[in-house]
Amino acid sequence: MSRYWSAVVHGLTPYVPGEQPKLANLVKLNTNENPYGPSPKVLDAVRAEAADTLRLYPDPNSDRLRAGIAAYHGVTAEQVFVGNGSDEVLAHAFMALLKHDQAILFPDISYSFYPVYCGLYEIAYRQIPLTESFEIKVDDYLVPNGGVIFPNPNAPTGRLLALDQIERLLAGNPDSVVVIDEAYIDFGGDSVVGLVARYPQLLVTRTLSKSHALAGLRVGYAIGQPHLIEALNRVKDSFNSYPLDRFAQAGALASMEDRGYFESICVKVVATRTRLVAEMEQLGFEVLPSAANFIFARHPAHEGVTLAASLREHSIIVRHFKNPARIAPFLRITVGTNAQCDALLAALKAIVAC
Ligand SMILES: *Cc1c(COP(=O)(O)O)cnc(C)c1O
């Protein structure tokens, strides 16, 4: 009965999120969630919102949360935009800032939601190949474009682009918006937020889903100069004026304020990552350098799809991407707790031994 559909829907290729299995007792290393829970202060703040005030709409502008995010980053609240997960923030950025006559640019291997937004909003795009070693080469982006977007660290590779390279991109690309998606930056990279004051075309997006262990709360944000934020607000208020409910606003604020807690869980994840990489290499895996809470690894003697299926038989789920073909040998594995990594390593040992 697709004859009832709007024309654009026929052409959509929706994003496929990582599986959220209903089975218990799985070692779930497929969607880059944090293995540690959120701050106890977040849980208190969320519980406090379970009150009679739920009959009232939440603050449409999330003023207190934006002030908390601004304080954390040393910017003003006018430089902060919040959304229902950074996916929503990104969607609004595509609509508000990246839809022009010229094609936008992003890496051929990067967050697979970007081409989906382009399909939805009918935005032309061109994918720029990463180098042989899966790195972003800034010179490739210094060509006429309608905008540039990539994650840093990149996903699903985990590779980080150095701050001075991003600055070179900004300096050489003054006429279109550059979006840096910092979903994983808290796990080991230098943020570009400090460059926002100097570059009017820079928008930085962040999420509380990974480093703050709040994937279930759905909060993301963007930082940029007020003229960029205004464009995002125009789209947001043409779509949904109340994207963050009362729980999300209160919980996210508590998390931004409990800096010590979320930094401590990031330190634990990074320590486990170091150990996991070393032990995977012992098993013969080639692991790309990761600045994220996941690793991207392949084994010279085993196909990615087979490894993923074998791990599943051991009740361990990881992410495998069939496309592009260049990354088909790889597995993207979320860094879990030390115990989860032990289970992973034991299973891999059994699998690669035979
Ligand atoms: C996880 C992720 C996001 C989206 O996060 P939300 O949960 O929607 O905040 C955005 N970009 C990249 C690269 C991601 O990996």
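Counting convention: from 1, in listed order, for ligands and their atoms alike. Everything numeric in this text was worked out from a predicted model, so none of it was measured.
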Engineer: Verify whether one side chain among T157 and R332 offers a donor that lies under 3.5 Å from an acceptor in the other.
Structural biologist: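 The criterion, which ignores hydrogens and geometry beyond distance, is not satisfied for R332 and T157.
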
Engineer: When you measure from atom 5 (O) of ligand 1 to each heavy atom in A155, G18, G216, S86, which option holds the nearest one?
Structural biologist: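 Checking each option, the heavy atom nearest atom 5 (O) of ligand 1 is found in S86.
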
Engineer: Students often mix this up, so state it plainly: with edges at 30° and 60°, are the rings of Y117 and Y121 parallel, tilted or perpendicular?
Structural biologist: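 It falls in the parallel class, under 30°.
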
Engineer: Does K268 make a cation-pi contact with Y36, if we ask for NZ or CZ under 6.0 Å from the ring centre and within 45° of the axis?
Structural biologist: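 Cation-pi check for K268 and Y36: passes.
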
Engineer: I need the atoms of ligand 1 closer than 4.0 Å to a non-hydrogen atom of G85, numbered in the order shown.
Structural biologist: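 What qualifies from ligand 1 is 8 (O), 9 (O).
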
Engineer: Is it true that F113 lies under 4.0 Å from ligand 1, counting heavy atoms only?
Structural biologist: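 The answer is no, since F113 has no heavy atom less than 4.0 Å from ligand 1.
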
Engineer: Minimum heavy-atom separation for H100 to G146, with atom names?
Structural biologist: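 For H100 and G146, the tightest heavy-atom pair comes out as CD2-O, 3.2 Å.
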
Engineer: Who's the nearest protein heavy-atom neighbour of atom 15 (O) of ligand 1, and how far?
Structural biologist: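 Answer, as residue, atom name and distance: Y184 OH, 2.6 Å.
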
Engineer: Does NZ or CZ of R326 come closer than 6.0 Å to the centre of the six-membered ring of F134, within 45° of the ring's axis?
Structural biologist: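 Yes; both conditions hold, so R326 lies above the ring face of F134.
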
Engineer: With atom 1 (C) of ligand 1 as the reference point, say which of E88, E182, K210, R206 has the nearest heavy atom.
Structural biologist: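 Looking at heavy atoms only, the winner is K210.
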
Engineer: What atoms of ligand 1 come within less than 4.0 Å of a heavy atom belonging to S209?
Structural biologist: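 Answer, ordered by atom number: 6 (P), 7 (O), 9 (O).
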
Engineer: Taking the non-hydrogen atoms of R218, is any one of them nearer than 4.0 angstrom to ligand 1?
Structural biologist: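 It does; at least one heavy atom falls under 4.0 Å.
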
Engineer: Have a look at T207, L208, D181, N84 and point out the one with the heavy atom closest to atom 12 (C) of ligand 1.
Structural biologist: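 Result: the heavy atom closest to atom 12 (C) of ligand 1 is in D181.
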
Engineer: Report yes or no: does N154 contribute a side-chain atom to a donor-acceptor pair with the main-chain N or O of I109 at less than 3.5 Å?
Structural biologist: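 Between the backbone of I109 and the side chain of N154 there is a qualifying donor-acceptor contact (under 3.5 Å).
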
